Amino acid sequence: MKDIIKDLIKKSLDKIDKDNGISIENIEVGLCKDKRFGDFSSNIAMKFSTRFESNPKKFAENIIKEMQNNENILKIEIAGPGFINFFTSKDTKFAVIEKILKEKHLYGSNCLGSNSKVLIEFVSANPTGPLHVGHGRGAVFGDCISSLLKENGYNVTKEYYINDAGKQIDILTISVLRRYHELIDSNKVFSYEDLYKGEYIWDISADIHRNFNLEFYIKNLENYNNNSIDELIHNIKNNLSIERFNKIKEISVNFILKDIKKTLKLSGIKFDSWFSESLLLKNNSLDLILNYLNENSHTYKKDDALWFKSKDSGDEKDRVLIKENNDHTYLSTDIAYHYNKINRDYSKIINIWGADHHGYMDRIKAAFDIFAQKKSKLIILLVQFANLYRGTEKISMSTRSGEFVTLEQLIKEVGKDATRFFYLTRKSDQHMDFDIELAKSNNNNNPVYYIQYAHARICSIFKQAQENKMHYKYDNKYLSLLTEESELNIIKKLSYYPDVIISSTEKYEPHLLTNYMRELAQEIHSYYNKYQILIADDKLRNARLALIEAAKHVFKNSSKVIGIGMPEKM
RNA sequence: GCGCCUGUAGCUCAUUUGGAUAGAGCAUCGGAUUUCUAAUCCGAGGGUGGUAGGUUCGAAUCCUACCAGGCGCACCA
């Protein structure tokens, strides 16, 4: 409908002035908030009146005068400073019900993506501990963005990048070894500040102790008195042998990854691909990109380290790729990783990061531009932190100290649907407060139940209809009996669901969709309370049933995108 | 100090990329079930949009300055 109106305006403008220079993309047509202003409106007259040496109202009159008649449009008005308002005919409005009932689960989807390949990388939490509620937001956000992209016809691959090769993993390994030694001899406590102390470290070490007994035991570990963590890592590797150290490392990482996968499954998130950082070292990808950067003078040596000239591409300073001690930095493998992504031929490469990584964006973009050469586009979306509350009490968290609420605990406490929905109700770049008490409340405070209940009520009506032998038969010629205000409101809301899907995707803002669902539920509840649907008049009854059936499809389709269930009974 | 994000009702947040009278939920107060599920509905109160300027037909939205909060400024990841 928007396109029809745009086209009418365009033709009218062409009549007024053949060389007006206004393309169809410049014509804005929007839905009206207030129905007194009609169904659609355009600001075209205000936007371009100066170009035609006219005032907005006069220009608007001119546009209308030259406009062709269209069967869909009942009335055109000029209002306010120069808005052109369009009132569509009833039949035009009813057509959406017909469309929904025909398209069913496809209503709302489109082909804008034309099946082009998109890679979306998210969560990618270090395998040094379980996922906590901070990861949850990015996880659910990424998953929903993936669904939205699919709904828009993109070919989406969801990927998790496993940082299993750096220093943090070495620290994890030592953390496990420390507990392992304490299990063997509780008197010999090895103390060191920067180690992981979570409960799960005990579980891993107990596992190792059970399966390998004393194989990894180091005599006098408690006497290791090292000044830096690097020195400590070095000494323990030497003492234990690199093979045995790696064995502990492997067991630890696998243990934690298994836990992470379990939590993701509980969250309803399924990845298509798991990409391991250590692979980049094994297959020489790192050497490859380093050579390339060296040969094309994007690097230099300074203080025994290898630096990347990221400042040349907009970063605030240059960055280290290879440290003085010959270890690679996180950045260098990450560049290799993005090089790998580029070579997999995606038109869009999306990264979803925690907001604390924003300082890192420029350096990865700098590297990306060198390798991608505009073949694909890098999109980095930042997700702000979520503060967890239990009522008014704030819960603080830290992975290192082991004080945190895991995502698994949260889901077990508030449920998958409520967790996902809550994470998605806020704009991602907005700080959010997640109140556990609120999310798990089973009453009208909770928007998830509010929406699910609206859907369940619809299902219940159909069940009742069947039991009362009120056979439902759809016939579009009775739709015109829907004349109540609530009915027209619902129809209008249903008609712009496809627009919501598009704008949620283009803006990467799933909260538009959760808001929409709430609004639709509100219309349905209001309608339900005001009007009886299962009435004796079978023509009106069938028309009303068609209306709520259409709403049911939209609830189903949107809930699928959000990743929550829509029970038929509550 | 520099950079990024944010500031809207008592609280949590929207506002369809600059549009018409800034809207929801919670909380507060008052109502509604002999009728398809009251996990619901209807109504009321509540606002100098952080502050001050600017840009234009029109600003919560864009620009500038200031105030306040969060995050970041590693040879950590």
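Remember, predicted model here, so these are calculated numbers, not experimental data. Residue numbers start from 1 in every chain, and the chains themselves are labelled A, B, ... in the order their sequence lines are given, proteins ahead of strands.
Distances from the side chain of A/Q464 to the nucleotides B/rC36, B/rG19, B/rU15 place B/rC36 closest. When distances run from any side-chain atom of A/P81 to the nucleotides B/rC75, B/rU15, B/rG19, the shortest one goes to B/rG19. Here the side chain of A/K427 is nearest to one of B/rG19, B/rC75, B/rU15, namely B/rU15. When distances run from any side-chain atom of A/F83 to the nucleotides B/rG19, B/rA39, B/rC75, the shortest one goes to B/rG19. For A/L534, the listed nucleotide lying nearest its side chain is B/rC36; candidates were B/rA14, B/rC36, B/rC75. Considering only side-chain atoms of A/K507, the nucleotide from B/rA77, B/rA20, B/rU17 that sits closest is B/rU17. Side-chain atoms of A/Y528 lie closest to B/rC36 of the nucleotides B/rC76, B/rC36, B/rA24. Distances were taken from every side-chain heavy atom of A/R457 (C-beta onward) to each of B/rG25, B/rC73, B/rA38; the shortest belongs to B/rA38. You'll find that the side chain of A/C32 is closest to B/rA20, out of B/rA20, B/rU35, B/rA77. In the set B/rA14, B/rC75, B/rC71, the nucleotide with an atom closest to the side chain of A/H511 is B/rA14.
Ring planes of A/Y337 and A/F275: tilted class, angle from 30 to 60°. Using cut-offs of 30° and 60° for the angle between ring planes, the A/W353 and A/H357 rings count as tilted. Using bins of under 30°, 30° to 60° and over 60° for the plane-to-plane angle, the ring pair A/H455/A/F555 lands in the perpendicular bin.
Of all nucleotides present, only B/rC67 satisfies the Watson-Crick or G-U wobble test against B/rG7, with each distance under 3.5 Å. For B/rC57, the paired base is B/rG19 (Watson-Crick or G-U wobble, both distances below 3.5 Å). Within the shown strands, B/rG31 is the pairing partner of B/rC41 under the Watson-Crick or G-U definition, both distances less than 3.5 Å. Partner assigned to B/rC73 is B/rG1, using Watson-Crick or G-U wobble distances below 3.5 angstrom.
For B/rC41 and B/rA27, the P atoms lie 13 Å apart once the distance is rounded to whole Å. Rounded to the nearest Å, the gap between the C1' atom of B/rA20 and that of B/rC36 is 39 Å. B/rU16 and B/rA60 have their P atoms separated by 12 Å, with the value rounded to a whole Å. Between B/rG49 and B/rA9, the distance separating the two P atoms is 10 Å to the nearest Å. Going from the P atom of B/rG25 to that of B/rC66 covers 40 Å, rounded to whole Å.
By the criterion of a centre-to-centre distance under 5.5 Å and near-parallel planes under 30°, the ring of A/Y450 forms no stack with the base of B/rA39. Remark: ring of A/F37 stacked against base of B/rA20; centroid gap under 5.5 Å, plane tilt under 30°.
Regarding A/E28, its CD atom lies at a distance of 8 Å from the P atom of B/rG19, rounded to whole Å. In this structure, the CD atom of A/E519 is 17 Å from the P atom of B/rU40, given to the nearest Å. For A/D327 and B/rC75, the CG to P distance is 14 Å, given to the nearest whole Å. Rounded to whole Å, the distance from CE on A/M46 to C1' on B/rU56 is 12 Å.
Under the 4.5 Å side-chain criterion, counting only non-hydrogen atoms from C-beta, A/R363 is in contact with A/L331.
A donor and an acceptor atom sit less than 3.5 Å apart, one in the side chain of A/N85 and one in the base of B/rA20. Scanning atom types as modelled, one donor and one acceptor separated by under 3.5 angstrom connect the side chain of A/H358 and the base of B/rC71. With hydrogens and angles ignored, no donor-acceptor pair under 3.5 angstrom links the side chain of A/H357 to the base of B/rG72. Between the side chain of A/N43 and the base of B/rG19 there is at least one donor-acceptor pair of N/O atoms closer than 3.5 Å. One cannot find a donor-acceptor pair under 3.5 Å joining the base of B/rA77 and the side-chain atoms of A/T128.
Relative to the six-membered ring of A/Y528, A/R457 meets both conditions, a distance below 6.0 Å and an angle of at most 45° to the axis.
When each of A/G166 and A/G359 is assigned the nucleotide of RNA chain B bearing its nearest heavy atom, the one mapping closer to the 5' terminus is A/G359. Each of A/V320 and A/N515 lies near RNA chain B, and the nucleotide nearest A/N515 is the one positioned closer to the 5' end.
Under the 6.0 Å cut-off for aromatic ring centres, A/F83 and A/F37 do not qualify, their centroids lying 6.0 Å or more apart. Between A/Y360 and A/Y330, the distance from one ring center to the other falls under 6.0 angstrom.
Within a 6.0 Å radius of NZ in A/K47, more than 12 heavy atoms belonging to other residues, nucleotides or ligands are found.
Shown here, B/rU17 is classed syn by the O4'-C1'-N9-C4 or O4'-C1'-N1-C2 angle, which is within 90° of 0.
Among the heavy atoms of the strands, none lies under 4.0 Å from A/K530.
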